[in-house]
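All ligand and atom numbering here is 1-based and tracks the order in the structure. No experiment lies behind these values; they were computed from the predicted model shown.
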Amino acid sequence: MAYDHLEIEARWQRYWDEHGTFRATRRSGRPKRYVLDMFPYPSGVGLHVGHPEGYTATDIMARAWRMRGYDVLHPMGWDAFGLPAEQHAIETGQHPAGTTANNIATFKRQLKMLGFSYDWSREIDTTDPGYVRWTQWIFLQLFRRGLAYQATVPVNWCPALGTVLANEEVVDGKSERGGHPVYRTPLRQWMLKITAYADRLAEDLALVDWPEGTLTAQRRWIGRSEGAEIVFTVAPDDHQPGGDEVRVFTTRPDTLFGATFMVLAPEHPLVARLTAPDRKAAVDSYVYQTRRETEIERLSTEREKTGVPIGADAINPVNGERVPIWIADYVLASYGTGAIMAVPAHDERDFEFARKFGLPIRRVVAAPGTPDDAPMDDAYAAHTEGEILVNSGRFSGTSADEGGRKIVEWLASQDKARPTVTYRVRDWLISRQRPWGTPIPVIYCDRDGIVPVPEEQLPVLLPDDFVYGAKGENPLLNHPEFLNVTCPRCGEPARRETDTMDTFVDSSWYWYRYLSPHTNDAPIDKPLVERWCPVDQCTGGAEHAVMHLLYSRFFTKAMRDIGLIHEDEPFRRLFNQGQILGSDGERMSKSRGNVQDPDALVGRYGADTIRLFLMFMGPWDQGGPWSPTGIGGVFRFLNRVWTLALDPHGQEPGDPASGQLPEGEDESSARRAIRATAHRTLKVVSGDYTGFRFNTMVAHLMELANTLFRYRGTVVAGDPEWDEAIRLMLLMLAPAAPHITEELWSRRLAEAGEDWSSIHSEEWPMVDETAAAADTREVPVQVNGKLRDRVVVPAGIGEIELEQVILARDRIHAALGGREPDRVIHASGGRLVNIVVR
Ligand code: ANZ
């Protein structure tokens, strides 16, 4: 009758699968919970224990909610396009579709092995033609609304690899793979106009219940900035007639009188035109040099400032002063207007720049009591209560805030300024010059230009026989059957787009597709979406704080405007699972050899043990280095549960002698104590579940098992109180350890001659408050004879459990100050505990 986890787990998994036990249905009058795991990229190495950490937590939630009467939707799928499969394909010459299918099979087997209660009938795969089709369809709706467009933008172009690289793939100006030079160069790319939603993306963060860190990351990324656009006019000189307008974006219009020079981004369109002939060589060389720099480098405050004057001046609109125009890499082409008025006295970057190049620094804002001409060692960028404008003409003496407003009003009346809001977020570049992605469904025709593929011709599928060239160049370019088409408008020969979409596009709407994964006539099933969405609980890695979550929010808003859905926000509540590191404290990776293989762990201890252990390791949103110590303890706990449920009268060496109750208890007090402990545990564990405190949930169930174990083999074991306690224990454990509980449940039903029904369809039990409140006692705790704490414990608690409770108390921890107790004395028949420590 040993606990044979391998046999039990395989059998129940098969049963659940065959019987669709976790298929989601929506019944009227029931509350619902849509519990979503961010779907994984099925990599070649299979799962590592970091995946099951988050998946276990959501699975526990899903199961606990089912038991509480909720209709639960808990789906899983595959974010299956992407680079690693592609790289593998380049290395091995295999088509990525085959590799991807194998990887999916491995992932699926492993997820099933862990007993997650996914509704597999809803499985989706972003590379599936049915999914590709609707991703493309959504793209076309965005295109029709001007939300998908082409633009020439600077990208990281690697000539040797023949492709554009993402910022993360460029290290020190070289490709991460191969170390080839990478250049910033303008290329025509497909963009999605996320900026059109910048304001709503910022505002609607108020509607979601997300971790503060994620909200902050989103706010930063969106980067809402209130300020003004100010027009400077180029002054005439020997080389050009002047009159060009240069617009700057500033958050500090109050400092306009302190603008002593202007800086344009080297890519600014006016640079070529305004540069004086004798400055051309220096300017060209500087522009060329910045093309090699990444934006991160350009924004770094550590770097020494560089720049060159272009040999033209602009006129400061507030005082008519001529100020020189420079170009410098710290001004980005893509933010604001790509040009700034430089106010060295009040901006650190401008200050450093002015110092280095000997440009004038003029204070225009002063804290109370600072003389107007006090020398400056640093920019005064801070805000101080009561600061006023100085050296600012007729605005001198006004408060900085008010002065700023007045200056803008005054310039606005001459059409030289307007208040604006700028966002840091950029449009989303989705073009990838790689074949393993969703093809962008457009056709280029010499006559008709960009022509969308007609909807009835969707999906545009990748050929299944492309081969990668030596250089990693997009093989679609060498695939005539894919490439050559006729124009849907004029019927003339035309060329298909070979760029594919960033995989973040695929993952921006997948949770809607789970509701009707096989619908052929629409991307989603509206009534079903209405019944299940928004997602109530979304869990994933903290690394998705911006890109994935921002793109998903953008898609939700765009899909709403298209009329597909009603909601504004996709994920009501978000949790970040902690990251489990290798035992060396580093990120788990194959190359470091610190990956924990779930197959081996599950093979040895069983899925239930691994699930419980992952939860028991600590709060699941915190993560930390993997340490296997403790797995054995969890495994023993489940063995103990097994014995308690099936063999209450059995005796093992070390058990209390048969029939013998714990000291000081008679039969009736023992029965009361069993009930009290069971219901008290139910009360706290119910709270642990609703509060997602799964580590303490495990600890409390372990305590319950320990208490029950003390009564095993006694006269009361097997009595109704005992039976009730076992029943509650199994129900409480069911969401976390689904296999062993299902097995024990079925055996107990069989023994009682009752019909079988799954424990996972049982209702969550009710606490008997009276029983829970009964029979507690207070135990004073001393450390070296000095009273330090009092604990309230169940009357029937044993010495070992009592010690565990005491040693877990904060006060006792503090009193021990990290020392190990030498002895724990249970004095006066357990009425007082004294801890002796040296
Ligand atoms: C003059 C000024 C005076 C500024 C001062 C700041 C302090 P946030 O808050 O991030 O929006 N800026 C504008 N466009 C830029 C660009 N394309 N590249 C680099 N810097 C740019 O920052 C807005 C400020 O960043 C703007 O306000 C501008 O400098 C600079 F005492 O204008 B400020």
Parallel, tilted or perpendicular: rings of His544 and Phe504 (30°, 60°): perpendicular
Gly336 to ligand 1, any heavy atom closer than 4.0 Å: no
Location of contacts on Met341 toward ligand 1, heavy atoms closer than 4.0 Å: both
Enumerated ligand 1 atoms positioned under 4.0 Å from heavy atoms of Phe249: 11 (O), 13 (C), 26 (C), 28 (C)
For Tyr330, atoms of ligand 1 separated by under 4.0 Å from a heavy atom: 18 (N), 19 (C)
Close approach of Thr422 to ligand 1, heavy atoms, under 4.0 angstrom: no
N or O contact, Asp350 vs ligand 1, cut-off under 3.5 Å: no
Proximal atoms of ligand 1 relative to Asp347 (non-hydrogen, under 4.0 Å): 5 (C), 6 (C), 7 (C), 31 (F)
Close-contact set for ligand 1 against Ser225 heavy atoms, below 4.0 Å: 8 (P), 9 (O), 11 (O)
Atoms in ligand 1 flagged as close to Thr255, the criterion being non-hydrogen separation under 4.0 Å: 3 (C), 31 (F)
Candidates Lys557, Arg553, Arg560, Arg572 - the one meeting salt bridge (charged side-chain N to carboxylate O under 4.0 Å, His left out) with Asp204: Lys557
Atom 18 (N) of ligand 1: the protein heavy-atom neighbour that sits closest, reported with distance to 0.1 Å: Leu332 N, 3.0 Å
Heavy-atom check, side chain of Leu192 versus side chain of Leu147, under 4.5 Å: no
Short side-chain donor-acceptor distance under 3.5 Å, Tyr551 and Asp502: no
Selected option - heavy-atom contact closest to atom 21 (C) of ligand 1, from Val263, Ile340, Thr251, Asp329: Ile340
Close-contact set for ligand 1 against His346 heavy atoms, below 4.0 Å: 5 (C), 7 (C), 31 (F)
Protein contact to atom 30 (C) of ligand 1 [nearest heavy atom, distance to 0.1 Å]: Arg349 NH2, 3.7 Å
Face-on cation placement of Arg426 at Trp221 ring, 6.0 Å and 45° thresholds: no
Geometric N/O contact Tyr335 with ligand 1, under 3.5 angstrom: yes
